[in-house]
Protein chains: 2
Amino acid sequence: MDSEYSYEYERPALTVDVVIYTIQDNELKILLIQRNTDPYKDMWAIPGGFVLKGETLEQAAARELSEETGVKDIYLEQLYSFGDPGRDPRGWVVTVAYFALISSDNLKIEADTDAKDVKWFSVYDLPRLAFDHDKILKLSLERLRAKLEYANVGFQLLPKKFTLTALQKTYEVILNKTMDKRNFRKKILSFNIIKETDEFKRDGNHRPARLFTYVEPPPSKKKH
Amino acid sequence: MDSEYSYEYERPALTVDVVIYTIQDNELKILLIQRNTDPYKDMWAIPGGFVLKGETLEQAAARELSEETGVKDIYLEQLYSFGDPGRDPRGWVVTVAYFALISSDNLKIEADTDAKDVKWFSVYDLPRLAFDHDKILKLSLERLRAKLEYANVGFQLLPKKFTLTALQKTYEVILNKTMDKRNFRKKILSFNIIKETDEFKRDGNHRPARLFTYVEPPPSKKKH
DNA sequence: TCAAAAGTGTTGTGTGTACACCCATGT
DNA sequence: ACATGGGTGTACACACAACACTTTTGA
């Protein structure tokens with residue numbers, strides 16, 4: 001990008017793709033769109049679209065996200081960029097992949113958009129995906145799992161107030177393994193990132209569960 | 001990237017930038033190029049260049065790397081993509097940043113290219129950088145440090161055969177802190193990723209140091 | 001009173017950290 | 001013999017894993 005800067009170089013089309021995660025029915029789900037045009041017609045794809053001149057990559061991803069789900073102010077993180085020459089049969093298309101975590105209770109409106117060609121799929125039961133979207137998805141899931149261990153991620157998938165059991169279920173569906181209730185609570189509480197409220201969730205014929213909220217950790221050194 | 005696919009969207013220029021790390025004189029250094037043309041003329045920049053049609057992003061980064069340093073088969077990892085509208089005053093330029101780790105003993109030829117406008121700088125003593133390259137650099141350093149803790153990175157900065165002290169020095173300059181010799185050795189050896197050779201490095205008037213080599217861990221579960 | 005989920009502690013095991021001395025060599 | 005870096009072990013604190021029973025509610 002130096003002295004020989006010029007317009008003689010051919011430019012790729014630039015898109016963003018967003019893997020949108022949520023928790024529904026105790027399952028980890030992602031939003032997919034069924035294609036209705038020719039390359040990979042009828043196959044399912046991760047939502048995405050062109051980056052417009054004048055916007056940042058993140059803005060493009062946030063715009064795409066809100067177009068598909070109607071929600072804004074969502075946890076959004078850049079994942080990786082994919083640019084292999086053959087990845088789109090229509091030509092040279094480079095995509096910057098993001099992943100988003102959205103709380104199930106933000107989905108009221110859009111939860112029943114199965115009228116359209118948009119659907120939530122369990123990540124453990126996916127259709128074949130168009131383009132290299134299986135690669136993108138796989139990477140996003142690995143990243144999500146990794147972040148769950150070191151970072152304060154996971155709360156973004158839950159309502160503001162949540163029970164510890166709900167949080168544990170969230171971890172369990174993402175990591176796809178069961179955890180010990182006592183150890184889980186001990187660990188989470190030791191991080192000092194959630195605070196108990198004096199509200200309870202009454203749910204059925206059993207003891208009500210206390211609701212907690214996520215609190216940004218103080219400006220200390222370590223995250224965790 | 002859907003039904004409305006077309007060429008009506010304006011396309012950005014696409015570049016790769018590569019933060020090239022090495023260890024020299026017990027310091028962590030990166031390669032910078034002094035610009036001789038107008039935007040940011042005379043300032044220093046991370047090496048980079050246009051992605052050519054038909055190559056992968058990684059190939060573009062590897063090409064750029066070998067053009068600058070003359071070395072190939074180097075540890076290369078995609079870092080992040082930067083596309084803020086204002087980042088290049090000449091127009092819309094999106095860059096995919098990579099970082100590379102290269103062993104000091106691969107640098108014989110190029111070590112003295114200070115004849116040119118190319119120079120190795122200690123990461124702790126950098127000039128002002130062009131574009132948003134300070135951001136790229138900062139992120140790459142964070143990533144390098146993080147990987148040092150969970151992944152088998154670090155060996156790429158050393159010759160095939162190295163002493164444990166050299167490895168520890170590598171960790172120390174990257175993390176910018178001193179470490180305990182006994183604990184360091186215990187930890188590294190427990191990972192079973194290095195193997196002792198029966199060669200020694202004779203260095204001065206002191207006991208020779210055993211040389212070790214990195215061995216790919218067996219296909220077990222955990223990395224570390 | 002029963003079913004169903006919420007909530008709660010202790011113990012053992014392993015991992016990270018702090019710390020000081022002898023060893024092999026060249027001069 | 002001495003200076004220089006190479007090489008080694010132990011004790012303590014802390015994090016993680018395994019494990020079972022009581023509590024509160026609605027029906």
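Lettering of chains follows the sequences in order, A, B, ..., and the numbering in each one begins at 1. Remember, predicted model here, so these are calculated numbers, not experimental data.
One interatomic measurement links the two molecules: NZ of A:Lys201 to P of C:dA5, which rounds to 12 Å at whole-angstrom precision. With rounding to whole Å, B:Glu199 atom CD is found 20 Å from C:dA24 atom P. When rounded to the nearest whole Å, the span between CZ of B:Arg202 and C1' of C:dA24 equals 9 Å. The interatomic distance linking A:Asn205 (CG) with D:dT24 (C1') rounds to 11 Å, in whole Å. Atoms CD1 (A:Ile188) and C1' (C:dG7) sit 16 Å apart, rounded to a whole Å. One atom, CG of A:Asp203, and another, P of C:dA3, lie 19 Å apart when rounded to the nearest Å.
Residues passing the ring pair (Phe, Tyr, Trp, His ring centres under 6.0 Å) test with B:Phe200: none are found, sequence neighbours excluded. When the ring pair (Phe, Tyr, Trp, His ring centres under 6.0 Å) test is applied to A:Phe82, the partners found at least two apart in sequence or on another chain are A:Tyr80. Every residue meeting the side chain to side chain donor-acceptor pair (under 3.5 Å) condition with A:Ser103, not counting sequence neighbours, appears here in chain and number order: A:Asp105. In this structure, the side chain to side chain donor-acceptor pair (under 3.5 Å) partners of B:Lys186, at least two apart in sequence or on a different chain, are B:Asn183.
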For residues 157-167 of chain B, run the donor-acceptor check on the side chains, cut-off 3.5 Å, and write out each pair with its distance to 0.1 Å, sequence neighbours left out.
{"unit_1": "B:Lys161", "atom_1": "NZ", "unit_2": "B:Glu199", "atom_2": "OE2", "d": "2.3"}
{"unit_1": "B:Thr163", "atom_1": "OG1", "unit_2": "B:Ala166", "atom_2": "N", "d": "3.0"}

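Salt-bridge formation is not detected for the pair A:Lys177/A:Glu172: no Lys NZ or Arg NE/NH1/NH2 atom is positioned less than 4.0 Å from an Asp or Glu carboxylate oxygen.
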*If a protein heavy atom is under 4.0 Å from the base, mark B; if only from the sugar-phosphate, S; if neither, -; do that for nucleotides 6-14 of chain D going 5' to 3'.*
BBBBB----
